[in-house]
Amino acid sequence: MTFFDVVESMALQSYIMYIITIIAIVIYIFLLRGTPVKRPRLVWVDKSRKTKAFRNKAYGVSGKPDCIYKLADGYRLVEFKSRKSGIYESDRVQAKAAALAARGGSKYKITEILIQTKSTEELIPLNMSDEQLYQDIKYYIELAQKAHQGEPLKAIPEKRKCKYCAYVKVCTEKAC
Amino acid sequence: MNKNSSKKTPPVAASDVGRAAFCPHFLELKQQGHTPSKQAQYLMKQGSQAHADFNQSITRAKSKDKRCYIASYLYGIDDPRTESLRQFRDKKLLPHKAGRFFVSAYYRTSPFIITLAQKSSMINKLLNTAINGFMTKIKDLNNNKNKGDS
């Protein structure tokens, strides 16, 4: 065996090792690792006042959530509240109305809602049809429609609410 | 469902539906055209600003892909060297198909490589040398480009 034979066999060996490494990497990437877990992807954001609101003509609701994320099996609507305190029923109702608006007025079929304040957050799964979602908040939608038509509406006086109400000075039914 | 009735009336805003749950009389007073209190106006202004900040922050987070696993592992996530590698990825690799394939393969394999590097000091050393060498090449490339520009 000459010196060149040795060199040639070494080169061949390293070439084979190189090929094996490439094949191993390819197998690792495409077969063993599987598909990577999909992270939520931002697909819509309320950039400014000029951003057009979603409108569900069938249920007569319009709404503009803060942002929408695409999930592996649906969409997540995010409603941000700038306050430090907790989440109230009115926040849930507002977020559900916005979800109904987005479902009817866009391709984003909302499957969950995330409500965030500066101190807490709440995830609400929406495993229901548009009709069920509408029925869930129908009472409040009808109240809002009545208000638009100028009908008188009863107050729900509570000290906590009245304290931060924008119309507390002109309200005759306030709690405090 | 009130499909027929909703066609006659304009859609109600989700925020008004929420306010109906807060206090229906609020909506009535709003509809009558009463001016909100000064404190409420101030709070609304602050709320709008907080919303704008929130939306801006998530938009910014979307536009900036902070992934660069190996460099983050070696140098730290906000290190200038990691940032220059990210720039190299965005400007040189991602515009090309082959580059995108490389980046995708890199993202899939790098967590495994990092796990190996954490277990073996030899691999850690090798990784360090390889990335440092790569960093030097990038620096040289940038320097040459700057010289060419000037």
Side-chain angles (χ1 to χ4, degrees), chain A residues 25 28-29 33 36 42 45-48 53 55-67 80 82-83 88-95 97-98 100-101 131 134 137-138 140-145 147-157 161 164-171 173, chain B residues 1-32 34-44 46-59 61-63 67 101 104-109 111-112:
Chain A
I25 289 173
Y28 173 75
I29 293 171
R33 291 278 293 166
L42 186 69
V45 64
D46 176 17
K47 284 178 187 160
S48 69
R55 182 183 272 204
N56 190 330
K57 286 179 184 170
Y59 294 100
V61 187
S62 70
K64 210 160 64 160
D66 286 304
C67 60
F80 172 69
S82 56
R83 76 174 92 92
Y88 304 115
E89 187 55 25
S90 56
D91 302 330
R92 295 184 192 98
V93 170
Q94 183 186 343
L100 187 63
E131 180 61 29
Y134 171 72
I137 52 170
K138 185 184 171 187
Y140 301 111
I141 292 176
E142 285 176 352
L143 277 178
Q145 283 168 345
H148 275 225
Q149 287 155 9
E151 286 185 34
L153 297 168
K154 273 193 173 180
I156 310 173
K161 287 180 180 177
Y164 296 105
C165 180
Y167 300 109
V168 68
K169 281 184 182 170
V170 289
C171 184
E173 299 178 51
Chain B
M1 186 166 90
N2 68 342
K3 275 188 179 179
N4 295 328
S5 64
S6 65
K7 273 179 187 171
K8 292 169 196 167
T9 54
V12 288
S15 53
D16 280 349
V17 179
R19 277 177 195 133
F22 173 77
C23 178
H25 193 53
F26 177 102
L27 287 177
E28 188 192 330
L29 294 170
K30 187 187 165 198
Q31 190 65 26
Q32 285 169 1
H34 290 288
T35 318
S37 66
K38 277 186 181 171
Q39 191 203 356
Q41 283 179 21
Y42 172 73
L43 288 173
M44 273 187 248
Q46 273 198 328
S48 301
Q49 187 56 46
H51 267 84
D53 292 345
F54 173 78
N55 292 342
Q56 219 172 34
S57 71
I58 51 170
T59 315
K62 187 202 174 188
S63 62
R67 288 180 297 173
F101 177 79
S104 154
Y106 168 74
Y107 283 148
R108 282 173 178 231
T109 47
F112 175 68

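Proteins come first, then strands; the chains are lettered A, B, ... in the order of their sequence lines, and each starts at number 1.
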Atom group of B/Thr35 that falls short of 4.5 Å from chain A, counting heavy atoms
backbone
Taking the side chain as every heavy atom from C-beta outward, state whether A/Tyr167 and B/Pro36 have any atom pair closer than 4.5 Å.
yes
For A/Ala101, is it the side chain, the backbone, both, or neither that has a heavy atom closer than 4.5 Å to a heavy atom of chain B?
neither
Side chain, backbone, both or neither of B/Ala13 within contact of chain A (heavy atoms, under 4.5 Å):
both
If you count heavy-atom pairs under 4.5 Å with chain B, which of A/Cys67, A/Ala97, A/Ser90, A/Ser82 comes out on top?
A/Ser90
For the side chain of B/His51 and the backbone of A/Phe80, is there at least one donor-acceptor N/O pair under 3.5 Å apart?
yes
Exercise answer: donor-acceptor pairs, residues 15-29 of chain B side-chain atoms, under 3.5 Å, sequence neighbours excluded:
unit_1, atom_1, unit_2, atom_2, d
B/Asp16, OD1, B/Arg19, NH1, 3.3
B/Asp16, OD1, B/Lys30, NZ, 3.0
B/Asp16, OD2, A/His148, NE2, 3.3
B/His25, ND1, A/Leu153, O, 3.1
B/His25, ND1, B/Glu28, OE1, 3.1
B/Glu28, OE1, A/Leu153, N, 2.6
B/Glu28, OE2, B/Gln32, NE2, 3.2

Taking everything shown except A/Arg92 itself, do over 12 heavy atoms lie less than 6.0 Å from its CZ?
yes
Using a 6.0 Å cut-off, check whether atom CD of B/Gln39 has over 12 heavy atoms from anything other than its own residue.
no
Could you give the distance from CD (B/Gln31) to CD (A/Glu151), rounded to the nearest 0.5 Å?
11.0 Å
Among A/Ala166, A/Ala155, A/Gly63, the residue with the most heavy-atom pairs under 4.5 Å to chain B is A/Ala166
Chain B contact via A/Val45 - side chain, backbone, both or neither, heavy atoms under 4.5 Å
side chain
Leading residue by heavy atom contact count with chain B [cutoff under 4.5 Å; candidates A/Leu143, A/Asp66, A/Asp46, A/Val93]
A/Asp66
